[in-house]
Enquirer: 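Pasting a structure below so you can have a look.
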Amino acid sequence: MRQDERVSFDGALESARQSAYPPGEFVGQESFMCATEIQSLAVRAGIAPGVSVLDLCCGVAGPGRFITAQLGCSYLGVDSSASAIGIARGRAAGLPCRFEVSRIPPMPVGQFDVVLLLETMLAFADKDTLLRRISSALRVGGRLAFTVEEGQPLTAGERESMPDADTVWLVPLSQLLSCLERVGLQVGWVEECSRSHSMVVDALIDAFKAEQSEIAAHLGRRALDELLAAHRLWSDWLRSGRVRKFAFVVEKSRETGARR
Ligand SMILES: C[S@@+](CC[C@H](N)C(=O)[O-])C[C@H]1O[C@@H](n2cnc3c(N)ncnc32)[C@H](O)[C@@H]1O
């Protein structure tokens, strides 16, 4: 998706997204997580009043605004898309949220109690560098809460069929666990969420199909076809076990002296 397309996408998909999630579970997330899952991950990571939170790849910051309103925290959201941050800023009026437009890495200045990386680990081909940099942005005892798409790398054929395949980098669980250990991040909690995410993908497909004329009128037929194609692949892969989704909370156990 190009930067300037975010405003159109956000508007064109709003109503379908609202109807796809169970009542009360859509809070502006651009992902397969439900609000209950976002809140429980944030609570497990220790987000509370006075806790400093860095939300990497926050998008329009649906989860970030929700967490800040529900739990109270000092919040910085960062995304490479200026238009996503523009939307986030407009919707965060009255909340103690700050935002920056920046491509990660490098990390923003400062040390944080909690780093969030929701539904975007997938976009980073080099997870070792990413996790090393995240670790450097956490104080010792600080937590990273994230979701991840687990599996063997996509084959050439799978890459061919997935729109925007340059943002789809699966990681085998064993590789992820070794990487976390190398950068001083200790697993505190992990849970598989393939089933619940598979249900959300299927509901999104149905909702996009139900509103396809309106969505195509805003975005064009090609963008709608790519949206549906990507969601159908995620649906197949999550159902068949080709990809598994996990939510993690990991804790920084030692100083690593890594570059930001
Ligand atoms: C799937 S959206 C997730 C947004 C949000 N975390 C959520 O759960 O609703 C992924 C976001 O990551 C951003 N992104 C991808 N790679 C990035 C990078 N290297 N640095 C900063 N933002 C990035 C995209 O612009 C997009 O807004």
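Heavy-atom basis, side chains included; hydrogens, waters and symmetry copies ignored. Every number for a ligand or one of its atoms is a count from 1 in the order of the listing. For this chain, numbers begin at 1 and follow the sequence in order.
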Enquirer: Considering both backbone and side-chain atoms of Ser81, is one of its nitrogen or oxygen atoms within less than 3.5 Å of a nitrogen or oxygen in ligand 1?
Expert: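 Looking only at distances, the answer is no, because the N/O contact criterion of under 3.5 Å is not met.
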
Enquirer: Nearest to atom 7 (C) of ligand 1 by heavy atom, Ala88, Gly28, Pro63: which?
Expert: Pro63

Enquirer: For Glu30, is at least one N or O under 3.5 Å away from an N or O on ligand 1?
Expert: yes

Enquirer: What I want to check is whether the side chains of Gln212 and Arg221 have a donor and an acceptor closer together than 3.5 Å.
Expert: yes

Enquirer: Measuring from non-hydrogen atoms of Cys58 to any atom of ligand 1, is the shortest distance under 4.0 Å?
Expert: yes

Enquirer: Can you find an N or O of Arg103 that's nearer than 3.5 Å to an N or O of ligand 1?
Expert: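 Yes, since at least one N or O of Arg103 sits under 3.5 Å from an N or O of ligand 1.
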
Enquirer: Return yes when Ser102 approaches ligand 1 closer than 4.0 angstrom through a heavy atom, no otherwise.
Expert: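 In this structure, Ser102 qualifies as a contact of ligand 1 - some heavy atom is under 4.0 Å.
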
Enquirer: Hey, any chance Val250 and Val140 share a hydrophobic cluster, counting ILVMFWY side chains that come within less than 4.5 Å of each other, even indirectly?
Expert: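 Different clusters: Val250 never reaches Val140 through Ile, Leu, Val, Met, Phe, Trp or Tyr contacts under 4.5 Å.
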
Enquirer: Considering only heavy atoms of Thr120, which atoms of ligand 1 have at least one such atom less than 4.0 Å away?
Expert: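 Atoms satisfying the 4.0 Å criterion: 3 (C), 10 (C), 12 (O), 15 (C).
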
Enquirer: As an exercise, identify every atom of ligand 1 less than 4.0 angstrom from a heavy atom of Phe124.
Expert: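 Matching atoms, with element in brackets: 18 (C), 19 (N).
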
Enquirer: Please determine whether salt bridge (Lys or Arg N to Asp or Glu O under 4.0 Å) holds for the pair Arg132 and Asp128, giving the CA-CA distance in whole Å, both sets of side-chain angles, and the decisive distance to 0.1 Å.
Expert: CA-CA 6 Å; Arg132 202 170 290 282; Asp128 209 281; 3.1 Å; yes

Enquirer: What atoms of ligand 1 come within less than 4.0 Å of a heavy atom belonging to Arg6?
Expert: 24 (C), 25 (O), 26 (C), 27 (O)

Enquirer: Membership question, hydrophobic clusters at under 4.5 Å side-chain separation (ILVMFWY): are Ile215 and Leu228 in the same one?
Expert: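 Both belong to a single hydrophobic cluster.
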
Enquirer: Does any donor atom in the side chain of Gln29 or Ser31 lie under 3.5 Å from an acceptor atom in the other side chain?
Expert: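 Looking only at side-chain atoms, Ser31 and Gln29 do not form any donor-acceptor pair under 3.5 Å.
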
Enquirer: Give me the one residue out of Leu204, Val168, Asp202, Ile205 that meets side chain to side chain contact (heavy atoms under 4.5 Å, CB included) with Trp234.
Expert: Val168

Enquirer: Of Leu118, Thr167, Thr147, Val101, which has the heavy atom at the shortest distance from atom 8 (O) of ligand 1?
Expert: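 Answer by nearest heavy atom: Leu118.
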
Enquirer: Taking C-beta and beyond as the side chain, do Leu138 and Leu185 meet within less than 4.5 Å on heavy atoms?
Expert: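 A side-chain contact exists here, since the closest heavy-atom pair is under 4.5 Å.
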
Enquirer: Test Lys245 against Glu149 for salt bridge (Lys or Arg N to Asp or Glu O under 4.0 Å), laying out the working first.
Expert: CA-CA 5 Å; Lys245 287 288 292 280; Glu149 290 74 7; 3.5 Å; yes

Enquirer: For Glu214, look at atom CD and say whether over 12 heavy atoms of other residues, nucleotides or ligands are found less than 6.0 Å away.
Expert: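 Counting neighbours around CD of Glu214, more than 12 heavy atoms of other residues, nucleotides or ligands fall under 6.0 Å, so yes.
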
Enquirer: Under 4.0 Å from ligand 1, counting heavy atoms only, is it the side chain of Ala61, its backbone, both or neither?
Expert: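 Ala61 to ligand 1: no contact under 4.0 Å from either part.
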
Enquirer: Which bit of Met33 is near ligand 1, meaning a heavy atom under 4.0 Å away: side chain, backbone, both or neither?
Expert: neither

Enquirer: Can you tell which part of Ala84 has a heavy atom less than 4.0 Å from ligand 1: side chain, backbone, both or neither?
Expert: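 Ala84 to ligand 1: no contact under 4.0 Å from either part.
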
